[in-house]
Trainee: 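Shown below is the structure under consideration.
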Amino acid sequence: MDRPSYGYSAADAPPPQGPVGPVGGGPQEQPVCPRHPDRVSYVRCKRCDRPACPDCQRPTDVGVLCVDCERELARAQASTRPRTAMGGRMRTGAPVVTYALIALCVLAYLGQMLAPQIVEQLGIFAPFRALAMPWTFLTAGFLHGGIMHLALNMYALWAMGQFLERSLGPARFAAVYFVSMLGGHTAVYVLADPMGYSWLTGTVGASGGVFGLFAAAFIVNRRMGGQVAQIGVLIALNLVITFTVPNISWQGHLGGLLLGAALTAGMYALRPKAVAGQDRQALARRSAITHGALVVAAVVLCAVLVAVKTVLLPGP
């Protein structure tokens, strides 16, 4: 009795692709891993169909990939990953650097409460001892003169940090903040009168770094086509308070503002321009190198200003 073929006959089947048994009396060739030819593997990569030994297998949701295909896919995904205008990776999670800076300032203030003599003597910046205690150019930025001083600076850091850390990327945001802090204390040292009371006066507070973030936010908003009126008014009001309220280090505020603005503007001006078809990973590496060089240049500038001021100090 004839059986229905449903449109397919064994005679129509294609010839087998390769040996299905011994040929010429020899054993069938066994598949081996391309990276380890001494290892036989019957597991094949789902992407390139090459054998992969256990050391070269990479389990995924769609099956096993070989190590080479996994690397190629990782590079392809990295090249299409969203990036900031500065070339850094786009972050969607919590602003970790901002929270870390706030936590360090709070911990430092608790240290001031528990052991004020030790913490303040080791951390406060004062021009007359700055060269003997160079770490105070940064540590003083984590100390504060009171709970209200701490609260105002931490609120400003939180408000600016959430926006800038996502816009610049964590590394560039941290660089702008610390360079601004360094620039603020450098300005205090350079502008202090060696024969006056300001040479002996200690300085504390994150205001230099915060003013640098104000300047960075203004530049970022302007370059991104956003509104700059509010941040401009905020900067103006803080400058008025700086120059009218006593016992505020206007040198530190002004130095942080200027150096933060210069560094952010330089990052925008010197970032590599993207063109169609260009390797975005290579572009991001060039951007990171360029911006790293700018940060180093800013630190060197502060060191040169301090050295010049030191040379010009009057003799004993």
Side-chain angles (χ1 to χ4, degrees), residues 78-105 138 141-142 153-184 186 206-232 234-235 238 253-274 278 280-302:
S79 65
T80 59
R81 184 181 296 119
R83 293 189 175 272
T84 67
M86 293 289 190
R89 291 184 178 181
M90 187 73 71
R91 302 287 182 174
T92 57
V96 178
V97 176
T98 299
Y99 291 160
L101 292 174
I102 293 175
L104 288 174
C105 289
L138 293 179
F142 294 97
N153 277 339
M154 293 306 98
Y155 175 75
L157 176 56
W158 175 78
M160 294 293 104
Q162 291 187 92
F163 166 66
L164 287 174
E165 188 170 344
R166 292 188 177 95
S167 301
L168 302 178
R172 291 170 176 81
F173 164 73
V176 170
Y177 182 80
F178 282 108
V179 165
S180 299
M181 188 187 299
L182 177 62
T186 298
S207 302
V210 169
F211 266 77
L213 297 184
F214 287 159
F218 182 89
I219 294 173
V220 170
N221 268 323
R222 185 174 180 83
R223 294 301 299 262
M224 295 176 62
Q227 296 292 330
V228 296
Q230 291 183 346
I231 186 65
L234 180 63
I235 293 174
N238 277 276
H253 291 186
L254 190 61
L257 181 73
L258 294 178
L259 198 54
L263 179 58
T264 307
M267 285 182 174
Y268 266 111
L270 298 180
R271 75 188 192 280
K273 303 299 188 295
Q278 190 172 9
R280 296 186 64 187
Q281 280 190 294
L283 192 69
R285 287 192 293 268
R286 287 176 52 199
S287 177
I289 293 173
T290 302
H291 293 164
L294 284 175
V295 173
V296 172
V299 174
V300 171
L301 173 62
C302 292

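Hydrogens, waters and symmetry mates play no part in the numbers below; they use all other heavy atoms, side chains included.
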Trainee: Testing the basics here: between P170 and V97, what is the closest heavy-atom pair and its distance to 0.1 Å?
Mentor: CB-CG2, 3.7 Å

Trainee: Taking atom CG of N221 and atom CD of Q230, what is their separation to the nearest 0.5 Å?
Mentor: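 Answer rounded to 0.5 Å: 9.0 Å.
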
Trainee: Between G260 and A215, which heavy-atom pair has the shortest distance, and what is it?
Mentor: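 Minimum heavy-atom contact is C-CB, 4.4 Å.
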
Trainee: Regarding S287 and R172, is there a side-chain donor-to-acceptor distance under 3.5 Å anywhere?
Mentor: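 Yes, R172 and S287 have a side-chain donor paired with an acceptor closer than 3.5 Å.
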
Trainee: Using 0.5 Å steps for rounding, measure from the CG atom of L263 to the CD1 atom of I219.
Mentor: 9.0 Å

Trainee: So for atom CD, which belongs to Q162, do other residues, nucleotides or ligands contribute more than 12 heavy atoms lying within a distance under 6.0 Å?
Mentor: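 Atom CD in Q162 is packed in, count exceeds 12.
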
Trainee: If the condition is side-chain contact (heavy atoms from CB on, under 4.5 Å), which residues does L138 pass it with, not counting sequence neighbours?
Mentor: F178, M181, L182

Trainee: Taking all non-hydrogen atoms of both residues into account, name the closest pair between L164 and L213 and its distance.
Mentor: CD1-O, 3.4 Å

Trainee: How close do T264 and V220 get, heavy atom to heavy atom, and via which atoms?
Mentor: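 For T264 and V220, the tightest heavy-atom pair comes out as CG2-CG2, 4.3 Å.
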
Trainee: Measuring from Y177:OH to L101:CG, what's the distance to the nearest 0.5 Å?
Mentor: 5.5 Å

Trainee: How would you list, by chain and number, every residue that makes a ring pair (Phe, Tyr, Trp, His ring centres under 6.0 Å) with F173, sequence neighbours excluded?
Mentor: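 By the ring pair (Phe, Tyr, Trp, His ring centres under 6.0 Å) rule, F173 matches no residue at all.
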
Trainee: Looking at every non-hydrogen atom in both residues, tell me the closest pair between A156 and V210 and how far apart they are.
Mentor: CB-CG1, 3.6 Å

Trainee: If I take atom CZ from residue F214 and atom CG from residue N238, how far apart are they, to the nearest 0.5 angstrom?
Mentor: 4.5 Å

Trainee: Does L294 form a side chain to side chain contact (heavy atoms under 4.5 Å, CB included) with M267? I'd like the steps, not just the answer.
Mentor: CA-CA 7 Å; L294 284 175; M267 285 182 174; 4.2 Å; yes

Trainee: Identify the heavy atoms of G141 and C105 that sit nearest to each other, and give their distance.
Mentor: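 It is O-SG, 4.2 Å.
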
Trainee: Rounded at 0.5 Å granularity, tell me how far CG in L257 sits from CG in L254.
Mentor: 6.5 Å

Trainee: Can you tell me how far the CZ atom of R286 sits from the NE2 atom of H291, to the nearest 0.5 Å?
Mentor: 11.0 Å

